[in-house]
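One-based numbering along the sequence shown.
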Amino acid sequence: MSTLATRPITHSLHYSQEVLNRVSFLRKDPQFLEEALTHAETVFIPFHDYMPFVDERNGVMARLHRKEIGDVIEPKNSARNLVFLGLSLSAKSNFVYSARYRGTPTFALNVSNTGGLEASQLLEVLQSYRKLESFKDLNRLTLEESSIVSQARMYLQWLDTHKFCSICGSKTIAADAGTRLTCSNGDCVSNHRVSNVCFPRTDAVVISAITNRDNSKVLLCKSGAPRNKERKLYSCVSGFLEPSETLEVAVAREIWEETGLNTDKVDILMSQPWPFPNNLMIGCVAVADDAQIPDLTHDCELDEVRWVPCSVLESILSQEESSSGFIQDEATGLNLPNNKSVAYMLMSYIVDKSKAKTNLQPN
Ligand SMILES: [Zn+2]
């Protein structure tokens, strides 16, 4: 197994940009929250069913100001329909806190969970926008907008699905502007330990492209899941990280369980937040000896695996995605993930590496 590769902090994947300064240490500062909630420039990004609204003319997400949302939120940090996301790094703003923290305060507002307050008023304001409905809709957002959506979805879904304490069953209370939960029962053991709070969870998922020892081929894997049967999508191997498992071991385990192949080496290349509902995809490249015979009968997750030469893969990856949201190659019958996915980036990485190697070889 190799050590961590050095990679850039940002890359051009959806949901992955840091466009807000989260100032996480200010979420528990009541003075900051009071000023952030009441400032005229503060924006509230509305979500319904965890989906944003967009202006059809330019594809930009709806951003409301305090005067437009009226009393839909309570100006306190325990509101369950509200999450402080951060200070906008891009917008010019007159908001300054403590003479050093600048940027437009940005909140996510769950309008399908407004606590019986004036939700109808909000929906009227939002009539001129279109609510996004699908995964494909989200894919059309800019990288920056998709990243804000990812952060908001993960928090709002977590607040809606953790209403009760997992120890005593009492109701939980939102704190720190929707980024932390505590138990409402003062006698609960959870209130008398160091870890007396519940934070949002992020589930780690390893996703790995597989190449052979001389880096000339990629093993494409077709999932046997019913949804995948229609799409005939060929992609990478992926699976959840298990408790007390390193990322490298998780990759090797998943590859063996799904393909029967033993792995020589694993490189960790990049990660991508994946808000469906709360995952972090950790992109890796694994090397396996292509003389091994694949065995798909361990966990039976895959229908088929196929070694494809990098030269063929390069020509497929260079094609535009079709209306289905995938790259469909008629010559080979292979459907591949589009260029917004980790899988695409991993396959491209192997193809580029293979080309570089070929170029170095003497004629
Ligand atoms: Zn409790």
Side-chain angles (χ1 to χ4, degrees), residues 8-24 36 39 41-66 68-69 73 81-93 95 102-113 122-123 125-159 177-179 200 202 270-281 320-321 323 325 337-342 344-345:
I9 292 174
T10 57
H11 45 69
S12 57
L13 281 172
H14 255 48
Y15 313 122
S16 304
Q17 312 297 304
E18 195 61 10
V19 289
L20 300 170
N21 179 354
R22 300 191 185 208
V23 283
S24 59
H39 195 270
E41 292 175 6
T42 296
V43 296
F44 298 86
I45 302 179
F47 287 81
H48 193 276
D49 300 331
Y50 315 115
M51 294 296 252
F53 296 76
V54 297
D55 184 332
E56 293 263 52
R57 292 167 301 182
N58 52 22
V60 174
M61 285 196 299
R63 286 168 167 76
L64 306 178
H65 294 97
R66 188 61 197 260
E68 292 170 293
I69 63 172
I73 57 161
N81 59 344
L82 190 71
V83 175
F84 174 67
L85 300 177
L87 300 173
S88 171
L89 295 171
S90 57
K92 280 187 182 170
S93 173
F95 181 86
R102 296 166 193 277
T104 305
T106 304
F107 289 83
L109 178 63
N110 189 347
V111 299
S112 44
N113 175 24
L122 260 189
L123 293 174
V125 172
L126 292 168
Q127 265 182 358
S128 56
Y129 295 90
R130 180 173 79 87
K131 191 187 107 182
L132 298 189
E133 299 288 347
S134 67
F135 178 74
K136 264 163 74 176
D137 281 347
L138 292 179
N139 260 345
R140 292 194 190 101
L141 291 171
T142 63
L143 296 183
E144 290 75 17
E145 298 273 78
S146 73
S147 303
I148 293 173
V149 170
S150 175
Q151 186 188 353
R153 279 176 64 95
M154 289 201 198
Y155 275 110
L156 294 176
Q157 291 184 80
W158 168 72
L159 286 167
T179 61
T202 298
M270 65 186 72
S271 59
Q272 179 190 32
W274 193 249
F276 309 99
N278 49 12
N279 302 334
L280 178 69
M281 308 297 284
E320 296 285 324
E321 72 177 73
S323 58
N338 66 36
N339 63 4
K340 299 180 180 74
S341 66
V342 175
Y344 180 99
M345 300 284 275

Intermediate values then yes/no, side chain to side chain contact (heavy atoms under 4.5 Å, CB included), Gln157 and Asn278 | CA-CA 9 Å; Gln157 291 184 80; Asn278 49 12; over 6 Å; no

Just verifying a value: how many Å separate [X] [atom1] and [Y] [atom2], rounded to the nearest 0.5 Å?
X: Ser150; Y: Leu141; atom1: OG; atom2: CG; answer: 11.5 Å
X: Thr142; Y: Arg140; atom1: OG1; atom2: CZ; answer: 14.0 Å
X: Arg66; Y: His39; atom1: CZ; atom2: NE2; answer: 13.0 Å
X: Asn339; Y: His14; atom1: CG; atom2: NE2; answer: 9.5 Å
X: Gln17; Y: Glu145; atom1: CD; atom2: CD; answer: 12.0 Å

State, to 0.1 Å, how close [X] and [Y] come at their nearest heavy-atom pair, and which atoms those are.
X: Phe47; Y: Ala108; answer: CE1-CB, 4.0 Å
X: Val83; Y: Gly178; answer: CG2-O, 3.9 Å
X: Ser16; Y: Ser147; answer: N-OG, 3.3 Å
X: Lys136; Y: Ser323; answer: NZ-O, 3.0 Å
X: Val149; Y: Pro52; answer: CG2-CG, 3.8 Å

Passing candidate, side-chain contact (heavy atoms from CB on, under 4.5 Å) with Phe53, options Arg130, Met61, His48 | His48

Test of ring centre spacing under 6.0 Å for Tyr15 and Phe276 | yes

Measure the shortest side-chain to side-chain distance between [X] and [Y] over non-hydrogen atoms and say whether it is less than 4.5 angstrom.
X: Met345; Y: Leu13; result: yes
X: Leu109; Y: Asn81; result: yes
X: Leu64; Y: Leu126; result: yes
X: Thr202; Y: Asn279; result: no
X: Gln151; Y: Arg22; result: yes

Ignoring hydrogens and geometry, is there a side-chain-to-backbone donor-acceptor pair from Asn110 to Leu156 under 3.5 Å?
->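 Such a contact is absent between Asn110 side chain and Leu156 backbone.
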
Do the side chain of Asp49 and the main chain of Met51 share a donor and acceptor less than 3.5 angstrom apart?
->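 Side chain of Asp49 to backbone of Met51: no pair is present.
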
Go through Leu20 and Leu89 one step at a time and tell me if the side chain to side chain contact (heavy atoms under 4.5 Å, CB included) criterion holds.
-> CA-CA 5 Å; Leu20 300 170; Leu89 295 171; 5.6 Å; no

Full working for side chain to side chain contact (heavy atoms under 4.5 Å, CB included) between Lys340 and Glu321 | CA-CA 10 Å; Lys340 299 180 180 74; Glu321 72 177 73; 3.5 Å; yes

Taking side-chain hydrogen bond (donor to acceptor under 3.5 Å, both in side chains) as the test, write out the residues that go with Asp55, two or more places apart.
-> Arg57

Listed by chain and number, what are the side chain to side chain contact (heavy atoms under 4.5 Å, CB included) partners of Val43, not counting sequence neighbours?
->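 For Val43, the residues satisfying side chain to side chain contact (heavy atoms under 4.5 Å, CB included) (neighbours in sequence not counted) are Arg63, His65, Thr104, Thr106.
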
Would you please test Val342 and Trp274 for side chain to side chain contact (heavy atoms under 4.5 Å, CB included) and show each step?
-> CA-CA 10 Å; Val342 175; Trp274 193 249; over 6 Å; no

Which class fits the ring pair Phe44 and Phe107: parallel under 30°, tilted 30 to 60°, perpendicular over 60°?
->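 Because their plane-to-plane angle is under 30°, the rings of Phe44 and Phe107 count as parallel.
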
Output yes when Lys131 and Asp137 qualify as a salt bridge under the 4.0 Å nitrogen-oxygen rule, no when they do not.
->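 Salt bridge absent between Lys131 and Asp137.
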
